[in-house]
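All remarks here apply to the structure that follows.
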Amino acid sequence: MSESSPPAGPRTILLTGAAGGLGTLMRELLPAHGHELRLFDVRPIADAPDAIVADLNDTEALREAVRGVDGVLHLAGISLESTFDKILDSNIRGTYHLYEAVRAEAGARADGKAPRVVFASSNHAIGFTPRPHTDEGDPLVPVSTPRRPDTYYGLSKSFGEDLAQLYWDKFGVETVSVRIGSCFKEPTDVRMMSVWLSPADGARLFHAALTAPDVGHTVVYGSSANTRLWWDLTSARALGYDPQDDSEEYAETLLAEFGPLTDEDPAHQHMGGRFVNDPPIWPH
Ligand code: NAI
Ligand code: 15L
């Protein structure tokens with residue numbers, strides 16, 4: 001184990017966005033991986049009265065929230081397309097404030113070491129990338145593919161990845177940016193069979209991202225071991241992620257309901273699905 005490896009035993013992790021869909025799933029699943037969670041969200045959580053209820057733009061609350069933590073799983077933010085101003089407030093300014101709190105925390109520590117951040121990036125940072133036809137021999141899409149946001153939302157995730165790179169290069173704050181596909185209990189359409197991240201694999205991936213040694217700033221795709229996978233999971237596996245689930249068990253039902261993806265529909269041609277349309281999807 002290298003000198004900068006995280007400590008053994010339970011790790012205290014700040015979970016931002018703890019009231020949301022993914023936050024709720026991770027509250028259930030991450031403790032089994034040895035994490036003690038400190039919860040943070042702008043919305044109260046009925047069954048967690050100790051959760052910190054604050055906005056990401058409340059810099060004092062954030063500074064207090066990161067005190068003494070080993071890592072941050074940063075899920076808070078607007079999670080679909082919205083107005084530019086709302087995205088700016090929560091996803092861009094809010095994520096900047098999180099990194100500033102982490103940097104201040106490092107400055108206050110005897111060893112000067114910052115808690116690691118795991119940033120919930122999204123496939124929508126590359127949503128305008130054509131979907132690969134892997135059944136016809138196209139290669140899996142690497143993490144180095146040029147970013148092609150499909151929305152202001154996707155643009156904010158692209159910003160978050162760049163922010164993470166800046167804070168690593170300039171201030172030594174480590175981040176794993178996870179370009180999450182669709183992390184829900186089950187895939188609900190044909191596209192999702194390629195990008196599905198089962199909740200259990202999500203917890204495996206976040207655990208690996210929080211604990212792998214020496215990540216600098218690493219970008220990974222967040223997907224299960226789907227038969228119809230579009231993405232190269234090499235950088236995720238290098239962290240120790242070993243996905244166990246495959247969306248294929250849902251294929252028969254979903255294909256019977258929706259039919260296969262076609263090359264006529266823009267939402268089928270691109271990895272971001274309906275987010276590439278204008279208007280993209282329902283407003284938030
Ligand atoms: P969600 O919308 O259910 O949860 C987001 C949470 O963030 C909410 O509880 C909300 O109150 C909180 N939040 C929003 N703005 C905030 C602010 N300014 N200050 C404090 N809290 C704030 O979204 P979900 O599905 O749980 O996603 C979590 C994260 O993962 C999001 O950042 C999303 O963009 C990202 N992601 C999720 C995917 C998925 O499949 N669920 C796919 C790709 C990315
Ligand atoms: C996301 O980034 C969203 O947060 C989530 O709600 C899903 O829409 C997911 O992408 C997806 O692409 O399915």
Side-chain angles (χ1 to χ4, degrees), residues 14-29 39-46 48 51-59 61-62 65 72-82 85-98 101 117-129 131 149-161 177-199 201-202 205-206 209 220-224 226 230-231 247 267 270-277 280-282 284:
L14 177 68
L15 178 66
T16 75
L22 197 44
T24 301
L25 290 166
M26 291 307 123
R27 280 193 280 134
E28 290 164 18
L29 296 168
L39 310 179
F40 184 105
D41 202 291
V42 73
R43 293 187 292 155
I45 306 171
I52 302 162
V53 180
D55 194 284
L56 288 169
N57 292 302
D58 180 341
T59 54
L62 257 188
V72 180
L73 176 53
H74 180 42
L75 303 181
I78 306 248
S79 58
L80 297 168
E81 182 61 321
S82 187
D85 282 343
K86 286 182 182 167
I87 295 281
L88 181 63
D89 269 356
S90 283
N91 295 20
I92 296 181
R93 203 173 274 124
T95 300
Y96 160 72
H97 284 140
L98 173 74
V117 178
V118 175
F119 169 58
S121 185
S122 170
N123 70 87
H124 298 291
I126 52 160
F128 261 114
T129 308
R131 89 176 146 89
D150 55 26
T151 39
Y152 296 132
Y153 166 68
L155 187 64
S156 75
K157 298 300 184 178
S158 190
F159 168 84
E161 292 186 12
S177 291
V178 183
R179 286 182 188 157
I180 306 169
S182 302
C183 190
F184 301 103
K185 285 195 171 156
E186 295 181 1
T188 54
D189 63 28
V190 175
R191 167 184 167 273
M192 275 198 203
M193 285 195 286
S194 295
V195 302
W196 186 54
L197 176 65
S198 74
D201 279 342
L205 178 53
F206 292 139
V220 305
Y221 288 116
S223 164
S224 285
N226 301 318
W230 288 340
W231 301 325
S247 61
H270 300 94
M271 297 201 300
R274 290 175 299 167
F275 284 57
V276 304
N277 293 335
I281 47 170
W282 53 92
H284 211 229

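Sequential numbering from 1 along the given sequence is applied to the chain's residues. For ligands, and for the atoms within them, numbers begin at 1 and follow the listed sequence.
Between atom OG of residue Ser223 and atom CE of residue Met192 there is a gap of 12.5 Å, rounded to the nearest 0.5 Å. Taken from CG in Leu25 to CD in Glu28, the straight-line distance is 6.0 Å, to the nearest 0.5 Å. Taking CG of Asp189 as the reference point, atom CH2 of Trp196 lies at 13.0 Å (rounded to 0.5 Å). Atom CZ of Phe119 sits about 9.5 Å away from atom CG of Leu98, to the nearest 0.5 Å.
Neither the backbone nor the side chain of Trp196 comes within 4.0 Å of ligand 2, counting heavy atoms alone. Contacts with ligand 1 closer than 4.0 Å are made by backbone heavy atoms (N, CA, C, O) of Ser121 only, the side chain lying farther away. At a heavy-atom cutoff of 4.0 Å, ligand 1 is contacted by no atom of His74, backbone or side chain.
Within the 4.0 Å heavy-atom cutoff, Lys157 does not count among the residues contacting ligand 2. Using a 4.0 angstrom heavy-atom cutoff, Gly94 does not count as in contact with ligand 1. At least one heavy atom of Gly181 sits less than 4.0 Å from an atom of ligand 2. By the 4.0 Å heavy-atom criterion, Gly222 is excluded from the residues contacting ligand 1. Not close to ligand 1: His124, with no non-hydrogen atom less than 4.0 angstrom away.
In terms of polar-atom proximity, Tyr153 is counted as a contact of ligand 1, with an N or O under 3.5 Å from an N or O of the ligand. Looking at ligand 1, you won't find any N or O of Ser182 less than 3.5 Å from one of its N or O atoms. Looking at Phe40 next to ligand 1, no N or O pair under 3.5 Å apart turns up. Of the polar atoms of Leu56, at least one N or O is found under 3.5 Å from an N or O of ligand 1, judged by distance alone.
The residue from Leu75, Thr24, Thr95, Ile78 that puts a heavy atom closest to atom 28 (C) of ligand 1 is Leu75. Nearest-residue assignment for atom 13 (N) of ligand 1 (options Ser79, Gly23, Gly20, Gly77; heavy-atom criterion): Gly77.
Which parts of ligand 1 touch Ser90 is read off a 4.0 Å heavy-atom cut-off, strictly below it: atoms 15 (N), 16 (C), 17 (C), 18 (N). Remark: ligand 1 atoms within the under-4.0 Å shell around heavy atoms of Gly181 are 40 (O), 42 (C), 43 (C). Against a heavy-atom cut-off of under 4.0 Å, Asp41 is close to the following atoms of ligand 1: 6 (C), 7 (O), 8 (C), 9 (O), 10 (C), 11 (O), 12 (C), 21 (N). Atoms of ligand 1 found under 4.0 Å from any heavy atom of Gly17, numbered from 1 in the order shown, are 6 (C), 7 (O).
Residues forming a salt bridge (charged side-chain N to carboxylate O under 4.0 Å, His left out) with Arg179 (at least two apart in sequence, or on another chain): Glu161. For the ring pair (Phe, Tyr, Trp, His ring centres under 6.0 Å) test, no residue two or more places apart in sequence or in another chain qualifies with Phe159.
At distances below 3.5 Å, not a single donor-acceptor pair connects side-chain atoms of Asn123 with backbone N or O atoms of Gly272.
Judged by distance alone, the side chains of Thr16 and His74 do bring a donor and an acceptor atom under 3.5 Å apart.
Other residues, nucleotides and ligands place no more than 12 heavy atoms under 6.0 Å from the OH atom of Tyr152.
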